[in-house]
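The next block holds one structure in the form of structure tokens; read it before the comments.
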Amino acid sequence: MSKKVLIFSAPSGSGKSTIVGHILKIYKESMEFSVSATSRKPRGQEKNGREYFFVTPSAFRKLIGEDAFVEYEEVYEDHFYGTLKSEVERIWDAGHTIVFDVDVKGGINLKKYFGDKALSVFIQAPSVEALRERLIKRGTDTPEAIEERVEKAAVEITYAPAFDYVLINDDLQTAFAEIEQVVSSFLSEHDETTHP
Ligand code: ADP
Ligand code: 5GP
């Protein structure tokens, strides 16, 4: 069983949760989310070990010193997020494919780390206007937050060429069919590094 990784990144509102949820439903026996560590406080119903491993900023720094991370970012002061090497080992030891749902910067760093073992996918709404409409319809953000996300998206989209595959999420059923095809062909690729 070869060790594989799927990385999904997207500007907020592009449909990443919807598309990743669809893939995980299809492959529920053989794929697993990597749970990141963070030094931010839990929100709402979030549970330690489920959404994140919640640690203090000093515990996070200690983990950095121990080289415990594949990659990490300090998004702003004392707010760290990172992918634990122990999570990667745990999921691979179980014989499962790892699924990452991270921001654009994290996605690019993970692809650099995993190389050919990884398929990195950038999910993009068909236009900035469509993205804004989806965020308005979703109803989870204030008008100011929506404008901030739209502005950030314009910058993030410039990184799309750094990904292996760019999925334009226009009609959802078409996007589902396209991603199913791309993931399935990646999973069936012969892995030269583990089967010489
Ligand atoms: P993200 O995880 O990238 O922030 P979501 O998956 O939450 O995005 O999608 C944002 C909103 O757009 C949600 O309300 C979702 O139901 C809707 N949506 C997702 N894909 C499409 C699509 N192809 N067409 C129209 N609406 C969509
Ligand atoms: P939130 O605080 O809303 O849960 O997440 C904030 C941001 O951190 C999101 O963009 C999310 O994708 C990103 N993130 C979550 N886990 C990781 C990680 O392990 N590494 C990196 N680089 N970013 C992460």
Side-chain angles (χ1 to χ4, degrees), residues 5-25 32-55 57 60 63-64 68-88 90-91 98-114 118 120-141 145-146 148-150 152-153 155-157 159-160 162-163 166-179:
V5 171
L6 298 176
I7 302 162
F8 293 96
S9 299
S12 179
S14 309
K16 183 175 62 165
S17 309
T18 309
I19 285 165
V20 173
H22 177 74
I23 287 296
L24 281 171
K25 210 165 92 190
E32 247 186 283
F33 253 130
S34 164
V35 179
S36 298
T38 184
S39 62
R40 79 152 166 79
K41 297 264 188 319
R43 290 194 292 245
Q45 300 300 306
E46 288 179 336
K47 253 180 64 183
N48 189 39
R50 189 177 63 190
E51 283 79 10
Y52 287 103
F53 295 107
F54 294 100
V55 297
F60 201 104
L63 288 167
I64 295 171
F69 292 106
V70 170
E71 62 80 42
Y72 70 89
E73 277 176 57
E74 186 174 12
V75 175
Y76 53 98
E77 208 190 343
D78 278 351
H79 277 60
F80 291 96
Y81 294 87
T83 303
L84 289 160
K85 289 182 179 170
S86 56
E87 271 293 276
V88 170
R90 181 185 67 78
I91 297 171
I98 310 174
V99 179
F100 289 106
D101 174 343
V102 289
D103 66 348
V104 172
K105 226 163 121 188
I108 292 171
N109 287 334
L110 287 170
K111 174 63 189 179
K112 275 194 196 131
Y113 182 86
F114 289 108
S120 64
V121 179
F122 187 91
I123 299 167
Q124 196 176 318
S127 67
V128 168
E129 211 25 67
L131 180 75
R132 185 181 281 114
E133 269 171 34
R134 284 180 196 176
L135 286 168
I136 293 168
K137 264 199 192 152
R138 189 171 69 180
T140 55
D141 299 283
I146 288 174
E148 257 176 48
R149 287 184 189 281
V150 168
K152 196 171 168 210
V155 178
E156 287 171 332
I157 284 168
Y159 292 98
F163 286 74
V166 179
L167 179 74
I168 306 293
N169 176 21
D170 190 352
D171 171 68
L172 188 57
Q173 295 312 317
T174 307
F176 279 170
E178 193 175 329
I179 196 66

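Each ligand, and each atom within it, is numbered from 1 in the order the structure gives.
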Exercise. Would you mind listing which atoms of ligand 1 come within a distance below 4.0 Å of any non-hydrogen atom of Lys16?
Key: 1 (P), 2 (O), 3 (O), 6 (O), 8 (O)
Practice problem: Using heavy-atom distances, let me know which of Asp170, Thr18, Asn169 sits nearest atom 20 (N) of ligand 1. | Solution: Asn169
Self-check item: Side-chain heavy-atom pair Val99, Ser34 within 4.5 angstrom cut-off
Solution: no
Quiz item: Is a side-chain donor-acceptor pair under 3.5 Å present for Thr38 with Arg40?
Solution: no
Quiz item: To which protein heavy atom is atom 9 (O) of ligand 1 closest, and what is the distance rounded to 0.1 Å?
Solution: Gly15 CA, 3.6 Å
Practice problem: Nearest heavy atom to atom 18 (N) of ligand 1 wins, so pick from Gln173, Gln124, Arg134. | Solution: Arg134
Practice problem: Compare every heavy atom of Ser12 with every heavy atom of Arg138, then report the nearest pair and how far apart it is. | Solution: NH2-OG, 3.7 Å
Quiz item: Which atoms of ligand 2 have any heavy atom of Arg40 under 4.0 Å away?
Solution: 1 (P), 2 (O), 4 (O)
Quiz item: Counting both backbone and side chain atoms, is some N or O of Glu46 under 3.5 Å from an N or O of ligand 2?
Solution: no
Quiz item: Strictly under 4.0 Å, does any heavy atom of Ala10 approach an atom of ligand 1?
Solution: no
Practice problem: Answer with yes or no whether Ser12 contacts ligand 1, where contact means a heavy atom under 4.0 Å from a ligand atom. | Solution: yes
Self-check item: Those atoms of ligand 1 less than 4.0 Å from some heavy atom in Leu172
Solution: 20 (N), 23 (N)
Quiz item: Which residue holds the protein heavy atom closest to atom 16 (N) of ligand 2, what is that atom called, and what is the gap in Å?
Solution: Ser36 OG, 3.1 Å
Practice problem: Fit a plane to each ring of Phe69 and Tyr72, take the angle between them on a 0 to 90° scale, and name the class: parallel (under 30°), tilted (30 to 60°) or perpendicular (over 60°). | Solution: tilted
Quiz prompt | Lys112 and Ile108, any side-chain heavy atoms less than 4.5 Å apart | solution = yes
Self-check item: Heavy-atom side-chain contact between Tyr81 and Val102 under 4.5 Å
Solution: no
Quiz item: Protein heavy atoms: any of them under 4.0 Å from atom 9 (C) of ligand 2?
Solution: no
Practice problem: Answer with yes or no whether the side chains of Gln124 and Ser14 bring together a donor and an acceptor at under 3.5 Å. | Solution: no
Practice problem: Check Asn169 against Ala175 and note the closest heavy-atom contact, atom names and distance. | Solution: OD1-CB, 3.6 Å
Quiz item: Counting from 1, what ligand 2 atoms have a heavy atom of Gly106 closer than 4.0 Å?
Solution: 22 (N)
Quiz item: How far is atom 13 (C) of ligand 1 from its nearest protein heavy atom, and which residue and atom name does that atom have?
Solution: Arg138 CD, 4.0 Å
Quiz item: Is it true that Lys152 and Glu156 have a side-chain N and a carboxylate O under 4.0 angstrom from each other?
Solution: yes
Practice problem: Would you please classify the geometry between the Phe80 ring and the Phe60 ring as parallel, tilted or perpendicular, with 30° and 60° separating the classes? | Solution: parallel
Quiz item: Among Val35, Thr38, Asp103, which one has a heavy atom closest to atom 23 (N) of ligand 2?
Solution: Asp103
Practice problem: List the atom of Phe163, the atom of Val104, and the distance in Å for their closest heavy-atom pair. | Solution: CZ-O, 3.8 Å
Quiz item: Got an N/O contact under 3.5 Å between Glu73 and ligand 2?
Solution: yes
Quiz item: Please state which protein non-hydrogen atom is closest to atom 2 (O) of ligand 1 and give its distance, to 0.1 Å?
Solution: Ser17 OG, 2.5 Å
Quiz item: Does Arg43 come within less than 4.0 angstrom of ligand 2, counting non-hydrogen atoms of the residue?
Solution: yes
Quiz prompt | Shortest protein heavy-atom distance from atom 24 (C) of ligand 2, along with the residue and atom involved | solution = Tyr81 CB, 3.7 Å
Quiz item: Below 4.5 Å, heavy atoms only, C-beta onward: do Pro11 and Phe122 meet side chain to side chain?
Solution: yes
Quiz item: For ligand 2, which atoms, with element, lie under 4.0 Å from some heavy atom of Tyr52?
Solution: 1 (P), 4 (O), 5 (O), 15 (C), 16 (N)
Self-check item: Closest protein heavy atom (residue, atom, distance) for atom 10 (C) of ligand 1
Solution: Gly13 O, 3.7 Å
Quiz item: Glu71 heavy atoms, cut-off 4.0 Å: which ligand 2 atoms fall inside?
Solution: 18 (C), 19 (O), 20 (N), 21 (C), 22 (N)
Quiz item: Taking everything shown except Phe176 itself, do over 12 heavy atoms lie less than 6.0 Å from its CZ?
Solution: yes
